[in-house]
Amino acid sequence: MTTGDQPSPTRIVVLGGGTAGWMSAAALQKLLGPLVEVHLVESQDIGIVGVGEATLPHIRGFVERLGIDEAAFMKATHATYKLGIDFRDFGRIGESYVHPFGSFGEEVAGVGFHHYWLEMQRLGRAAPIGAYSLAVEAGLANKFRPPAEDQSLASTYGYAYQFDATLFGPFMREYGLGIGVVRTEGKVVEVRQDPETGDVTALVLEDGREISGDLFVDCSGFRSLLLGQTLGEAWEDWSPWLPCDRAAAMPCVHVTEEIEPYTRATARPAGWQWRIPLQHRIGNGYVFSSAFISEDEACAALVANVEGEPLAEPRLLRFRAGRRKRSWSHNVIGVGLSSGFLEPLESTSIYLAQMAITYLIELFPLEGRIDPRDRDEFNRLIDMEYDRVRDFLILHYHATVRDDSEFWNHVRTMEVPDTLAGKMALWRATGRVEKYADGLFYDASWIAVYLGQGVMPERHDPRTALPNPDQLARALDSLRDAIRREVEAMPGHREYLVSRAERLAEVP
Amino acid sequence: MSAPREMPGRIVVAGAGQVGALAAIALRRALPRCEILVVGTPPDPAAFADRAPTALPFTNRLHDRLGITEERLVREAGGSHRLVVRYLGWGGEGHAGVAPYGAAVDPKLKTRFARDWGGGPRNASTGAPPGSLGEVLAAAGRFQPPAVGPDSPLAALDYALRWNPGAYRDLLVREALRLGVQHQPGAIIAVELRADGGMAAIGVGGGGPIAADLFVDCSGPQAMLLSRLPEARRLSWQGALPIRGIQFGRPGAPVLGLSDNVVLTPVGWRSELGGRDGVHLALAMVEGTDEPAARAALGAEFADLVPFEPGRAERPWVGNVVALGDAAASFEPLAWLNLDLAHRQLALLLELLPGREPDPRERAEFNRRAAMMADRARDVLGAHYAAPGAAHLATPGGPLARSPELDLALDQYHRRGRLPFFEEMPFAVQEFSALLEALGHPAGIGALSLSTDPREGEAERRRFETAAHAALNVVPPYREWLERVLGG
């Protein structure tokens, strides 16, 4: 392994040239450069899923850490800004709410804003909770401006991107090749393993070439060629809680002048439909459960439901919710769909790939040797991330009064994981959110979904009865006014993009 | 439609030490219409949180919130500042290390959005900062509490306050009385339980029964209220922590310094806290220590000896009784974590403040988080005893037990220089990392550091030196600042 004093670089083989593959290859090469040789194997015969058109604010950290210019990145992926997700018809048909990249109000005297809001709502003196969030109001007004970096009202939101995921992979490929990632085109026909340890030693390609390596990053998508097929890593099935197993995707043209700075998720009889406005088109898709609707019916429903003229035929994707029991087994690390899948309801696909890459870099084998303790630590962290997202997604289905279809009857009445049942019971009894500070989705997110989907607590904090209601009402009004003024001063989303034309792609 | 919880009519706080007094102030401020009655049980010398002459930076923020200003603590309670703890001998014979407070935070992560949404993985190894401003200032004897502002050269600096425990308690009692807190001295001689496992009333001295909706037990390690409930259980930490007795010295000559010392000794450790009222010495001893010989090593006039058994309440909140301080967790005053833990659990009670009838689910949430707080405090102590020089402090039964979390943290740090994020840790990841370094734990190097160009670190070090130099130029000698405050 070593020649002289300098240990030879760890040979990393990334299998798969989709979003997760090129994100992994680029990040490993950029951040661990002198310690690694990164070799990516991809085949043009195998399509990429290109999931995750909508992202979370964390992706900005990824792009920045790699030293990628935001404007070039937005231009290449036809990206627009995103302030949150507009959920329609989830809790009840006809109702909607925004889960913002931001929070609602501020705590006063140690009591969370939503408790005061609950009290004012009881007295009939509160506007909908979204009126007290700058991210929600700016989004619904189709306004955008980057947040301030101080403690002011203008710092209470963050942003992500809505982009063309089929362009993000290629953008990362170009970046990766530019910094020294080696790419091989070819289809894997055989995986060689060490007969004693079971570790993967090489990939054999159709033309007979062998790509050997020390560490294999499995980004082969749902096939999970290394982690699932070769190593037989067990799958934990979450479909009893998240029954959607198909998506029909179809882009269409813009029908409005303005570009919404938010993604829309509309509940449908057997799942939900996404609507993601990009620079020149709108991404649409129907995520559904094949147990409740046929593929043909779902495609027809999507075609009937999109607002603009379709730009392609519906494309069908198949998946299942769950994750491998271990994402890192032997010398194989699964990143992306090969290690797990959660539907894009909260735009978490790219986040989960990004987290896996970040943890892999943090726990990267030293001197070419994998320590089982680092592998266990990686798997602990990945499990924590997945489990938190899972419970949050299940909440979106379970917290409903809908009884208009078999699908909604199923998710409304199903038994949820104990971890989620406990969180919901605490909220219902006291209006409090179970606290954690690691992973994804903190208080503000849980509160947005609980209140947005009509899960009202029975009781709220006793201290909300202390201030004079008139005083409270005035405080709420003045926050609303400040938000209104802030929103008024913001440019429109399209106007902001146009004024920074280096972010705009050529009109195709 | 959600309705507000009915407010408690009366809350009884058992224990009039500095923990009980601050709890009473906090509850009175949170629920001004509620009667808060402090029952002044006789002080327990083994209540380490109650006799602590200092806490950690968290307490400063709690004080702020409760209207107890730093200036008052300096003027009325002998308050002074500690920027760093010096650890002597923990890394082995002759080893010295310095543990500062505070963590350098990327300004972007200070926005309100970052607070609400997080900035990515919390356990990302941010790498040790190139130097500690606290250490530089402590060595130069210069400091003044930073005028809060992101541009202040002291913005990333955090500190702990010391005080004279008697004067501090008196200050809190005055404040509590001013706010209308009731006080009744006397021992608890009887308790009356409810059928549901809670507490109905207590009997104090010769008076009639005192009923309340909520009882807050700040009575010290005996947990005079909590321990009377049939469901209360105590978990022993004897396998994890070696110290079984503390000898306290009488305060010696006053000093004015910005650092305090914790020295490893053959029988345990000795802490030297430089207060304006005198140096507070404590000598911690493992089981079977020859006390007279140890007393000679105290280095001060002997005040008292306190034997104790470390452990915590399995659930500090049972029925309508919430235990805080030593009643919830009892352990040696190493790194001055006792009052810090008491105050963080008090803040948790304020966050989850119940109505007249506590809800079992909020009780469970309090117990879940309070248990993590206590266990992580124990792990911080465990990290001390795992230091290279402290192997001789193992219990007679063999090496000290370590929690899976402590094992994970030490293993990751030793091999990779990485510390995982744990919920409810008393220290930020960077602070804990600095503490481990001060204790002489060898730090490994992770892949990310190995692949970083050393010139980057060099540039960062130069930036730090420039900033430290600038700070030394504008920050006055600590004594000057103090004289100005006391004279003004």
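Just so we're on the same page: letters track the sequence lines, and every chain starts at 1.
- For B/Ile445, the part lying under 4.5 angstrom from a heavy atom of chain A is the backbone only.
- With salt bridges taken as basic N to acidic carboxylate O contacts below 4.0 Å, one links A/Lys435 and B/Glu351.
- In this structure, chain A has a heavy atom under 4.5 Å from the side chain of B/Leu408, while its backbone stays farther away.
- Between B/Arg418 and A/Glu377 there is a salt bridge, since at least one side-chain N of the basic residue sits less than 4.0 Å from a carboxylate O of the acidic one.
- Of the two parts of B/Gln412, only the side chain, counted from C-beta on, holds a non-hydrogen atom closer than 4.5 Å to a non-hydrogen atom of chain A.
- In this structure, the portion of A/Glu458 lying under 4.5 Å from any heavy atom of chain B is its backbone and not its side chain.
- B/Arg415 and A/Asp374 are joined by a salt bridge, as a carboxylate oxygen and a charged side-chain nitrogen come within less than 4.0 angstrom of each other.
- Heavy-atom distances place no part of A/Pro147 under 4.5 Å from chain B, backbone and side chain included.
- Salt bridge status for B/Glu362 with A/Arg432: present, with a side-chain N to carboxylate O gap under 4.0 Å.
- For chain B, the nearby part of A/Thr464 is the side chain; its heavy atoms alone come within less than 4.5 Å.
- Only the side chain of A/Phe441 comes within contact range of chain B, with at least one heavy atom under 4.5 Å from a heavy atom of that chain.
- Using a 4.5 Å cut-off between heavy atoms, B/Glu423 contacts chain A through its side chain alone, with no backbone atom that close.
- Looking at B/Ser2, its side chain never comes within 3.5 Å of a backbone N or O of A/Leu118 through a donor-acceptor pair.
- With a 4.5 Å cut-off on non-hydrogen atoms, B/Arg65 touches chain A through its side chain but not through its backbone.
- Proximity to chain B (any heavy atom under 4.5 Å) is shown, for A/Gln121, by both the backbone and the side chain.
- Proximity to chain B is limited to the side chain of A/Ser445, based on heavy atoms less than 4.5 angstrom apart.
- Formation of a donor-acceptor pair under 3.5 Å by the B/Arg33 side chain with backbone atoms of A/Leu466 is found in this model.
- In this structure, chain A has a heavy atom under 4.5 Å from the backbone of B/Pro354, while its side chain stays farther away.
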